[in-house]
Amino acid sequence: MSDATITIEGCRTLPQLFLKKSTERGARIAMREKDFGIWQSYSWDDYREFAKAIANGLLACGAQRGDVSSILSEDCKEWLFADYGAQLAGGTTNGVYPTYQARQVEHALSDSGTRFLFVEDEEQLDKFLEIEEALPHVERVWVFDWKGLRDFEHDKVDRIEELYEQGRQYGEQHPGRVERIVADGRPDDLAALVYTSGTTGLPKGSMLPQRYAMYQLT
């Protein structure tokens with residue numbers, strides 16, 4: 001891969017391209033997900049607004065450029081919202097294998113320096129709770145599916161809907177901040193960490209810059 005800056009429609013990073021294309025595509029369907037047996041559709045406008053709500057929510061929590069947000073979940077729409085939400089806030093996404101056991105999760109979160117964590121449900125949250133004393137740098141945890149957690153309370157843990165609402169309020173109070181952060185993004189910013197399976201030793205994180213992600217789209 002060349003060190004030359006790679007641009008697509010004038011964009012140098014995934015967040016820049018995401019904001020541009022999601023705005024252009026507007027009401028067109030971006031994804032569908034089955035909920036209680038019924039397919040639900042989400043437009044590109046929906047995709048962008050959920051991602052921006054997460055980005056603004058992270059900024060409200062003090063997120064800084066380069067902060068790592070890890071996602072411990074099976075594939076779902078919230079995974080995608082959190083992925084771009086973290087990057088729109090200037091951060092890095094670290095996808096954690098949902099099949100990992102607690103000690104493997106501990107290594108992934110510790111090695112990556114994760115500050116914010118998204119988990120799918122009670123099962124994945126339990127893994128964090130088992131190891132949280134070893135992860136003081138994980139400041140906040142949000143759960144996609146709150147089922148089974150009705151009476152659960154924890155200073156660091158909340159449902160994803162609370163982050164959406166916090167982000168929407170912050171966005172109203174700080175209009176354009178996400179767009180300015182995205183505009184300042186550079187090709188060498190770290191887009192994602194991808195960990196090896198760890199079959200021959202501890203998993204190692206591959207550092208993928210925005211430049212590499214854009215190259216894959218050409």
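The shown structure was predicted, so the numbers you read here are calculated from the model rather than taken from an experiment.
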Over 12 foreign heavy atoms within 6.0 Å of [atom1], [X]:
X      : atom1 : answer
Arg32  : CZ    : no
Glu24  : CD    : yes
Asp75  : CG    : no
Met207 : CE    : no

Start with the C-alpha distance between Leu19 and Leu88, add both sets of side-chain angles, then the distance that settles side-chain contact (heavy atoms from CB on, under 4.5 Å), and finish with yes or no. CA-CA 9 Å; Leu19 287 185; Leu88 290 175; 3.9 Å; yes

Should Arg140 and Glu162 be marked as a salt bridge (Lys or Arg N to Asp or Glu O under 4.0 Å) after you check the CA-CA gap, both sets of side-chain angles, and the distance that decides it? CA-CA 12 Å; Arg140 297 293 303 276; Glu162 295 298 327; over 6 Å; no

Using atom types as modelled and distance alone, determine if a side-chain donor or acceptor of [X] lies under 3.5 Å from a backbone N or O of [Y].
X      : Y      : answer
Thr13  : Gln16  : yes
Asp67  : Gln64  : yes
Gln216 : Ala213 : no
Thr196 : Lys204 : yes
Glu120 : Glu74  : yes
Gln210 : Arg12  : no
Asp46  : Ser43  : yes
Lys127 : Pro98  : yes
Asp189 : Arg186 : yes
Asn56  : Lys52  : yes

Taking the side chain as everything from C-beta on, heavy atoms only, tell me whether [X] gets closer than 4.5 Å to [Y].
X      : Y      : answer
Phe118 : Ser73  : no
Cys11  : Phe18  : no
Leu129 : Asp126 : yes
Phe152 : Arg150 : no
Phe116 : Leu58  : yes
Asp158 : Leu163 : no
Phe128 : Leu72  : no
Leu59  : Ile181 : yes

To the nearest 0.5 Å, what is the distance between [atom1] ([X]) and [atom2] ([Y])?
X      : Y      : atom1 : atom2 : answer
Ile8   : Lys21  : CD1   : NZ    : 10.0 Å
Asp83  : Thr93  : CG    : OG1   : 4.0 Å
Glu130 : Leu125 : CD    : CG    : 11.5 Å
Leu117 : Leu135 : CG    : CG    : 9.0 Å
Tyr170 : Cys61  : OH    : SG    : 10.0 Å
Leu109 : Thr114 : CG    : OG1   : 4.5 Å

Residue pair [X] / [Y]: nearest heavy atoms and the distance that separates them:
X      : Y      : value
Asp45  : Ala27  : OD2-N, 3.7 Å
Gln40  : Asp35  : CG-CB, 3.8 Å
Glu139 : Lys156 : O-CG, 3.4 Å
Arg180 : Pro175 : NH1-O, 3.5 Å
Thr5   : Pro187 : CG2-CG, 4.0 Å
Ser112 : Ala108 : OG-O, 2.7 Å

When you look at Val143 and Ile160, which way does the side-chain contact (heavy atoms from CB on, under 4.5 Å) test go after all the steps? CA-CA 5 Å; Val143 183; Ile160 191 65; over 6 Å; no

Applying salt bridge (Lys or Arg N to Asp or Glu O under 4.0 Å), run through Glu49 and Arg168 and close with a yes or a no. CA-CA 9 Å; Glu49 291 311 308; Arg168 292 182 183 113; over 6 Å; no

Does any donor atom in the side chain of Arg48 or Tyr84 lie under 3.5 Å from an acceptor atom in the other side chain? no

Ring centres under 6.0 angstrom apart (Tyr47, Tyr42): no

Linking I/L/V/M/F/W/Y whenever any side-chain heavy atoms sit under 4.5 Å apart, do Ile29 and Trp44 land together? no

Give the cluster check for Trp39 versus Phe50: same hydrophobic cluster or not, with ILVMFWY residues linked at side-chain heavy-atom distances below 4.5 Å. no

Look at Asp121 together with Lys147 and state whether they make a salt bridge at an N to O cut-off of under 4.0 Å.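 Between Lys147 and Asp121 there is no salt bridge, as every charged N stays at least 4.0 Å from the carboxylate O atoms.
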
Stepwise side-chain contact (heavy atoms from CB on, under 4.5 Å) check, Ile71 with Val96: CA-CA 6 Å; Ile71 307 172; Val96 182; over 6 Å; no

Could you walk me through whether Asn94 and Tyr195 pass the side-chain hydrogen bond (donor to acceptor under 3.5 Å, both in side chains) test, one step at a time? CA-CA 8 Å; Asn94 174 35; Tyr195 276 79; 5.2 Å; no

Stepwise side-chain contact (heavy atoms from CB on, under 4.5 Å) check, Met214 with Leu14: CA-CA 7 Å; Met214 294 295 284; Leu14 284 179; 4.1 Å; yes

